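Report on one structure; see the data block that follows.
All values below come from the heavy atoms of this structure, side chains included, with hydrogens, waters and symmetry mates left out. Source: prediction; values computed, not measured.
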Amino acid sequence: MGRRRAFDEDEVVRAAVELFGGRAYDGVSIDDLVNHLGVHRNSLYKTFGSKRGLYLVALRRHIADDVQPLAEALAAATDTATALRLVTSAGLGLLLLAAVEQATADEEVAAEVAAALAAVDQAIADALGISTALAAALTAAALGILVRGNVEGAGAAPAHRLNSPD
């Protein structure tokens, strides 16, 4: 009979969201995961199958815990300024990194990112009574503000600026 799992899978996934959201997929090694998450290498593989398996679970958790609530909040936005403020104050580091790093090479990641962004676009379109295309442009502008603010914020930790709602 196998040993009982000695870690909380939910806590591990949440910590993986933070780790991948701060360093991106290629910036995280298996050793980083083992050391940061406090999970034995064999347990990591047995539970998630691979680094990519954990990454996909973490990305989906980030979308469920961070992006979906953002879309729900955006549905109540009454003006463009509010929509921009909501998007630029959301912790979207993992989504942004997934979009630029992994979505170009991984169809499954691309589909997750596209669906998440489409939900944000649709929430903005519905709330503001504008076309989905215009809402997508607004989303892109807001995400650009996040990225530019991060690049121009000399001395600020990039992951903190992208992931923190501060």
Side-chain angles (χ1 to χ4, degrees), residues 9-10 12-30 32-33 36-37 44 47-77 80 82-128 130-153 156-166:
E9 188 173 329
D10 191 55
V12 166
V13 172
R14 272 191 241 135
V17 168
E18 290 180 32
L19 191 59
F20 286 123
R23 296 195 217 164
Y25 182 83
D26 287 336
V28 176
S29 69
I30 292 295
D32 292 333
L33 290 168
H36 183 78
L37 304 178
L44 186 93
T47 303
F48 301 104
S50 64
K51 173 183 161 183
R52 180 179 178 276
L54 175 56
Y55 179 80
L56 287 169
V57 170
L59 178 60
R60 289 177 182 127
R61 170 64 60 82
H62 172 58
I63 291 168
D65 290 355
D66 301 313
V67 182
Q68 285 305 105
L70 170 62
E72 292 167 13
L74 285 165
T80 304
T82 300
L84 280 171
R85 183 183 50 74
L86 287 168
V87 175
T88 58
S89 65
L92 300 177
L94 181 51
L95 181 68
L96 288 171
L97 290 172
V100 298
E101 183 195 37
Q102 290 300 303
T104 59
D106 186 320
E107 289 181 21
E108 198 168 357
V109 172
E112 294 288 344
V113 168
L117 292 175
V120 169
D121 296 343
Q122 192 62 57
I124 291 172
D126 292 346
L128 301 181
I130 59 177
S131 71
T132 306
L134 185 55
L138 185 60
T139 301
L143 296 176
I145 290 168
L146 274 174
V147 171
R148 286 192 61 141
N150 184 45
V151 171
E152 294 171 357
H160 172 73
R161 301 263 334 259
L162 289 173
N163 287 316
S164 175
D166 303 320

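- Taken to the nearest 0.5 Å, the CD atom of Glu112 stands 5.0 Å off from the CD1 atom of Ile63.
- The OG atom of Ser131 lies 10.5 Å from the CG atom of Leu138; values are rounded to the nearest 0.5 Å.
- Smallest separation of non-hydrogen atoms from Val87 and Ala142: CG1-CB, 3.4 Å.
- Residues Gln102 and Asp26 have side chains in contact (heavy-atom distance under 4.5 Å, counting atoms from C-beta outward).
- Side-chain polar atoms of Asp32 and His36 form no donor-acceptor pair below 3.5 angstrom.
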Show your reasoning for whether side chain to side chain contact (heavy atoms under 4.5 Å, CB included) applies to Arg52 and Asp106.
-> CA-CA 10 Å; Arg52 180 179 178 276; Asp106 186 320; 2.7 Å; yes
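- Here the shortest heavy-atom pairing between Ala98 and Leu59 reads CB-CD1, 4.0 Å.
- Ring pair Tyr25/Tyr55 is perpendicular by interplanar angle, where above 60° counts as perpendicular and below 30° as parallel.
- Formation of a donor-acceptor pair under 3.5 Å by the Thr47 side chain with backbone atoms of Leu44 is not found in this model.
- Note that CG of Leu94 and CD of Glu101 are 10.0 Å apart. Values are rounded to the nearest 0.5 Å.
- Residue Ile130 holds its CD1 atom at 7.0 Å from CD1 of Ile124, rounded to the nearest 0.5 Å.
- Of all heavy-atom pairs spanning Pro69 and Ala64, the tightest one is CD-O, 3.3 Å.
- In plain terms, the two heavy atoms of Ala119 and Ala71 that are nearest each other are O-CB, 4.0 Å.
- The two atoms that bring Ala77 and Leu128 nearest to each other are O-CD2, 4.0 Å, heavy atoms only.
- Taking 4.5 Å as the limit, some side-chain heavy atom of Leu54 sits within range of a side-chain heavy atom of Leu37.
- Taking 4.5 Å as the limit, some side-chain heavy atom of Leu95 sits within range of a side-chain heavy atom of Leu117.
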Evaluate the criterion side chain to side chain contact (heavy atoms under 4.5 Å, CB included) for residue pair Leu92 and Leu70; output intermediate values, then yes/no.
-> CA-CA 10 Å; Leu92 300 177; Leu70 170 62; 4.0 Å; yes
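- The nearest pair of heavy atoms linking Ala110 to Ala103 is CB-O, 3.4 Å.
- In this structure, Thr139 and Leu143 have side chains that are in contact, with non-hydrogen atoms separated by less than 4.5 Å.
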